[in-house]
Amino acid sequence: MKWRGCAGCWGRWELWGCRVEDCGLEYGEVGVKGLRCVWVHESLRAEALGRLRRESVVSGRVDHMLHYVSTRQAQLWMEVHRKHAPLFEDAAFGRIFQDCARELGGELVGRAVHVLGLGAGGGAKEAIVLGQLKAAGCELRYTPVDASMELAIGSAEAAFAGEPGLVEPERVQPVVADLRALQAVVDALDAEEPGTVRVYTAFGLAPNFEPEEFFGLIRAVLRPGDVLLLSANLAPVACGEEGEPEAVRVACERILPQYANAETGEWLRQVLVDWGCGEWAGPVEFGLGAVGGVPAVRARCRWERGGELVVEGVPLRVDAGGVVELFFSLRYTPGLLAAVLGRHGMELGRGFIAPNGEEGVWRVRVAR
Ligand SMILES: C[S@@+](CC[C@H](N)C(=O)[O-])C[C@H]1O[C@@H](n2cnc3c(N)ncnc32)[C@H](O)[C@@H]1O
């Protein structure tokens, strides 16, 4: 396959010139210095994005994926992530991923493993998993799948940067796709060598999807023997209080500043700026609510002036005072997560929860 050859040059700048005997490609084809080989699924092409944009304007609810697709949005999101994601401030958050991945590595010693990083973002959590699997002597292949080209490439680079990297560059293939087309993407990938274990990671994704949609998508691709590592943002309730709505509300109020800040507001407004109507909307307002029965932080703004937005050549009217639902982030409790998984034939296995109760990561099993 062509991509294997071209990816072989990544990070090895002395191969500038990309001789055919080194990577199987003609000079100047692909794989020369400064180029990256990325697969792009049709779900991220202009037509599909235009459809989502139109639906977002008509429904007054911005499709979540549209907060990540432009380069500027990816930069703004990384800024939010670096400043407000607990992973970078509190080592205890990294440890739950380390512990979960170390345990997995202990089971898969010396095996061939294909890690599919769903919505891998900057790839920091996948790098932890890959590091532990590498330490366990696993032979690794890595496929980060993300709506953002910048982030998909960034998480690929995180896996093969350094000397030596975590995964051989020719065994890393970033894919740009909407996870709602996950089955099609997985079907299109090269088959693994016999005996390879497929490990899906779904970190930081569950908060951004309607619960039923998300777990339906994931369950559909799991085959017997596949592994799923799932993380969720949690409402940090005290032990024994997770069934008490008031305790959950108070817990969510405590984590609200992680969202209600200038960086997150700027990132979320960027979608309107990209549509050419940034100046029509008022400030982003953050609050609490629920989505699909799961507590959520919500962000919205109001049109301060109305007008006609032309989306893909179609004029759409927005009215002053109308609300634009920009975003939600679900805050599960372990009990709620188990209940939603159960509805999709899955169950929580071993889990690791940060000491402050704000995030957890689990092995997820297909229920017998
Ligand atoms: C909240 S970030 C989490 C990133 C990272 N996994 C982490 O835990 O730090 C969500 C990631 O999922 C991606 N994403 C969101 N919706 C998506 C969709 N429908 N299809 C593909 N990727 C999506 C975003 O581009 C982003 O990288």
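Indexing begins at 1, ligand by ligand and atom by atom, following the structure's order. For clarity, every value in this text was computed on a predicted model and none was experimentally measured.
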Note every protein N or O atom lying under 3.5 Å from an N or O atom of ligand 1, pairing the names and giving the distance.
from     : atom 1 : to   : atom 2 : distance (Å)
ligand 1 : 6 (N)  : G119 : O      : 2.8
ligand 1 : 6 (N)  : F203 : O      : 2.7
ligand 1 : 8 (O)  : K125 : NZ     : 2.8
ligand 1 : 8 (O)  : F203 : O      : 3.2
ligand 1 : 9 (O)  : H81  : NE2    : 3.3
ligand 1 : 19 (N) : D178 : OD1    : 3.0
ligand 1 : 20 (N) : L179 : N      : 2.8
ligand 1 : 22 (N) : A147 : N      : 3.1
ligand 1 : 25 (O) : D146 : OD1    : 2.5
ligand 1 : 27 (O) : G121 : N      : 3.4
ligand 1 : 27 (O) : D146 : OD1    : 3.3
ligand 1 : 27 (O) : D146 : OD2    : 2.6

All heavy atoms of C252 vs all of A235, minimum pair found to be SG-CB, 3.9 Å
Please state whether the rings of Y259 and F327 are parallel, tilted or perpendicular, taking 30° and 60° as the class boundaries. tilted
What do the steps show when you test S56 against D63 for side chain to side chain donor-acceptor pair (under 3.5 Å), and what is the final call? CA-CA 6 Å; S56 297; D63 187 282; 5.6 Å; no
Looking at every heavy atom in both A206 and L230, which two are closest together, and how far apart are they? CB-CD1, 4.5 Å
For the residue pair F215 and H344, does the interplanar ring angle fall in the parallel (under 30°), tilted (30 to 60°) or perpendicular (over 60°) class? tilted
Identify the two heavy atoms, one from W362 and one from G349, that lie closest to each other, and give their separation to 0.1 Å. CD1-O, 3.6 Å
